[in-house]
There are 2 protein chains.
Amino acid sequence: MPDKPQNHSVVIGLNAVIIAWDDPVPRFLVRNKHKNINELPFDVFQPLSYRTLEENVHALVDDQAKLELGYIEQLYTFGNRGRDPQEEKGGPRFVSIGYLALLLGKAIEESNAFSETNLWKDIYAFFPWEDWREGQPAILTQINESLEDWAAHATNDHDKQEKRARIQKLFGKTTKEWNEELVLERYELLYEADLIVESLRDKNQELPFPTGIPMEYDHRRILATGIGRLRSKIKYRPVVFELMPSSFTLLQLQHLVEALSGIKLHKQNFRRLLERTGMVEPTGEVSEQTGGRPAQLYRFRAEVMAERQDPNITLPSLSNS
Amino acid sequence: MPDKPQNHSVVIGLNAVIIAWDDPVPRFLVRNKHKNINELPFDVFQPLSYRTLEENVHALVDDQAKLELGYIEQLYTFGNRGRDPQEEKGGPRFVSIGYLALLLGKAIEESNAFSETNLWKDIYAFFPWEDWREGQPAILTQINESLEDWAAHATNDHDKQEKRARIQKLFGKTTKEWNEELVLERYELLYEADLIVESLRDKNQELPFPTGIPMEYDHRRILATGIGRLRSKIKYRPVVFELMPSSFTLLQLQHLVEALSGIKLHKQNFRRLLERTGMVEPTGEVSEQTGGRPAQLYRFRAEVMAERQDPNITLPSLSNS
DNA sequence: AAACTAATACTCTTACTGAGTATAAAATAT
DNA sequence: ATATTTTATACTCAGTAAGAGTATTAGTTT
């Protein structure tokens, strides 16, 4: 007799990482359900009500906060057993799909996106080691010590070497060695090294020092995936413009890219890049709110996507802070 | 009263795109179930038997063909209603997850990977427009005519312009304009333009000319996703070496990269790149099977991944055929 | 008026790509 | 046995872009 369908059925959770730009802070939406509990907006997929997963994600966001989303993309499908406490009580198997979405820049201007009903929290409060805009984050000295400790206690030499190689690659100490895209990989290394509260919940252990705000379930992992994907995406697709208002100064644009990538950029080279690719054009107006010489206002030229095969933003980074 | 769990439960299908290198043909595994029917290896996820999705994928592959896999990665989760005919008959909702895996090069040498029980089919028999190794594929003249026709029949001018822009971007006629990574995007454009059999099954239409071998369900779409991902991946992660035997000549390596990307490369520049990045080192031996001057044998230097932050392969392409 | 803040213009070195030419060392064809 | 073909390998040269600056301009704030 073949398997009964019950043996195969699972429940799908949809989780949304929604990013917004609140100059100079990059934020994401936290579900405002219980105080002191940080969850991504999420919902159980309702196959009877929605034709596609994306439709359900849109509805989920609309429902909990009337938001105008721009770019949206699927991140990853996580299927590990034991991520949801309900399962342990004999509930159904959970598989969760993460989505990344961007809140349109004009939506911020026009809507109540930052009202009290929505909690928009600073991304880097959850990943303090990822923000290099003011130079190397202080927390990295403690992290590196703890990681070295962890590697030193490896069971054998081969394992020890491998761990040190990973640490070196992910947490290299100079700006040149820092690869800002590896957000998820760094989170998972810290998780393995018992430096993330989420991994210690059942172990009766304590953190040696605070390592960012924890989240429910595996939501901080999904958030890490989202930030990593966004950092990689801005380099080969001009998604940043969705987060910007329709007209902006080049310094504002630079600040946004810096906020997302967590890296300071070289101003002159950044401008040279934008000119070369033709991604922006002057509106003709100037902004007087600069506190210095007034700046030209620019708008995004959507046509470049059709004209050029490859309008890359290559993050002209600054090694010295 | 809250929803019953039944309203939420779905069945997950796991689909594997398994790539192998059979010099000079890049192949993928087709399930050998019924003749003249082309399916990817797939299975229903069994949440009671496996702790993770990946474990189930591995088991699925092992079961149907004893294969030694190297790299494996998740591609995408497809949740559109109506992809599986079973659903129409009141069956459960299907959500399918695609995976990409590579058959280890040494596995080919040592195993029965290409035996009669496994059907390894030429990738480009399913996507004849994607193979530019011998210059522009002949089928592209027909495709471009049909696409222009399709755009010309758009309902309004704006729509017409948009369609032409997409065609130009995806099917640009010169080597310089061709972006080999956009395999999925091209497949979906052809699908929309009714040039893919899979989209016509219920429409009682016929193809104007054959456009590659069709597959069951949406498996050709998943295959397109896999090829596109692999083409993009080889540029920033040295995954190609998994498909190669442990020692090889540089021309063999170049042929593999060309086969996967569908593009001819400039030999001297390709070698210069490999030298500069230190990705390979000579074994000291030479191959006499070249039919010309004997070639040095090389092996992959796994250490580069630790040494260098970014050992890119940048496809030094050849514009003239 | 001096100090500060930012915008904008320009330079210089280095790295890498695209596209070759030239030569060497073997196999195969005549 | 010599010519032709095949492949490997060495080297060149122009063009593009990145990294890291200096210098100047045009406003605000003190």
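The figures that follow rest on heavy atoms only: side chains count, while hydrogens, waters and symmetry mates do not. Letters go in sequence order (proteins before strands), and every chain restarts at 1.
- D:dG19 atom C1' lies 14 Å from atom CD1 of A:Ile263, rounded to whole Å.
- Taking atom CG of B:Leu273 as the reference point, atom C1' of C:dA19 lies 16 Å away to the nearest angstrom.
- Residues passing the side chain to side chain donor-acceptor pair (under 3.5 Å) test with A:Lys163 are A:Asp159, sequence neighbours excluded.
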Protein N or O to nucleotides 28-30 of chain C N or O, pairs below 3.5 Å:
none

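- Atom pair A:Leu253:CG and C:dT8:P shows a separation of 13 Å (rounding to whole Å applied).
- In this structure, A:Leu274 places its CG atom 11 Å from P of D:dA18, rounding to the nearest Å.
- Paired with A:Arg231 under the rule side chain to side chain donor-acceptor pair (under 3.5 Å), one option of A:Glu180, A:Glu130, A:Glu181 passes, and it is A:Glu130.
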What donor-acceptor contacts under 3.5 angstrom involve side-chain atoms of residues 296-306 of chain A, with partners at least two apart or in another chain?
| from | atom 1 | to | atom 2 | distance (Å) |
| --- | --- | --- | --- | --- |
| A:Arg299 | NH1 | A:Glu281 | OE2 | 3.0 |
| A:Arg301 | NH1 | A:Gly278 | O | 2.7 |
| A:Arg301 | NH2 | A:Glu307 | OE2 | 2.9 |

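- In this structure, CD of A:Glu288 is placed 13 Å from C1' of C:dA6, rounded to the nearest angstrom.
- Without hydrogens or angle criteria, A:Arg229 side chain to A:Gln74 main chain gives a donor-acceptor distance under 3.5 Å.
- A:Arg237 is not listed as a side-chain neighbour of A:Tyr71, based on a closest heavy-atom distance of 4.5 Å or more.
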Filtered N/O pairs between nucleotides 9-14 of chain D and protein, under 3.5 Å:
| from | atom 1 | to | atom 2 | distance (Å) |
| --- | --- | --- | --- | --- |
| D:dT9 | OP2 | B:Arg271 | NH1 | 3.0 |
| D:dA10 | N6 | B:Gln268 | NE2 | 3.4 |

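- Contacts of A:Phe126 classified as ring pair (Phe, Tyr, Trp, His ring centres under 6.0 Å), with partners at least two apart in sequence or in another chain: A:Phe28.
- Counting to the nearest Å, the C1' atom of C:dG18 and the NZ atom of B:Lys264 are 17 Å from each other.
- Close to C:dA19, at under 4.0 Å from its OP1 or OP2, lies a side-chain N or O of B:Lys176.
- Note on ring orientation: taking the six-membered ring where Trp is involved, the planes of A:Trp132 and A:Trp178 are tilted (angle from 30° to 60°).
- Formation of a donor-acceptor pair under 3.5 Å by the B:Tyr124 side chain with backbone atoms of B:Ala259 is found in this model.
- In this structure, CG of B:Leu297 is placed 15 Å from P of C:dA26, rounded to the nearest angstrom.
- The CZ-C1' distance, from A:Arg276 to D:dG19, rounds to 14 Å in whole Å.
- Partners of B:Gln252 according to the side chain to side chain donor-acceptor pair (under 3.5 Å) rule, which considers only residues two or more places apart in sequence or in another chain, do not exist here.
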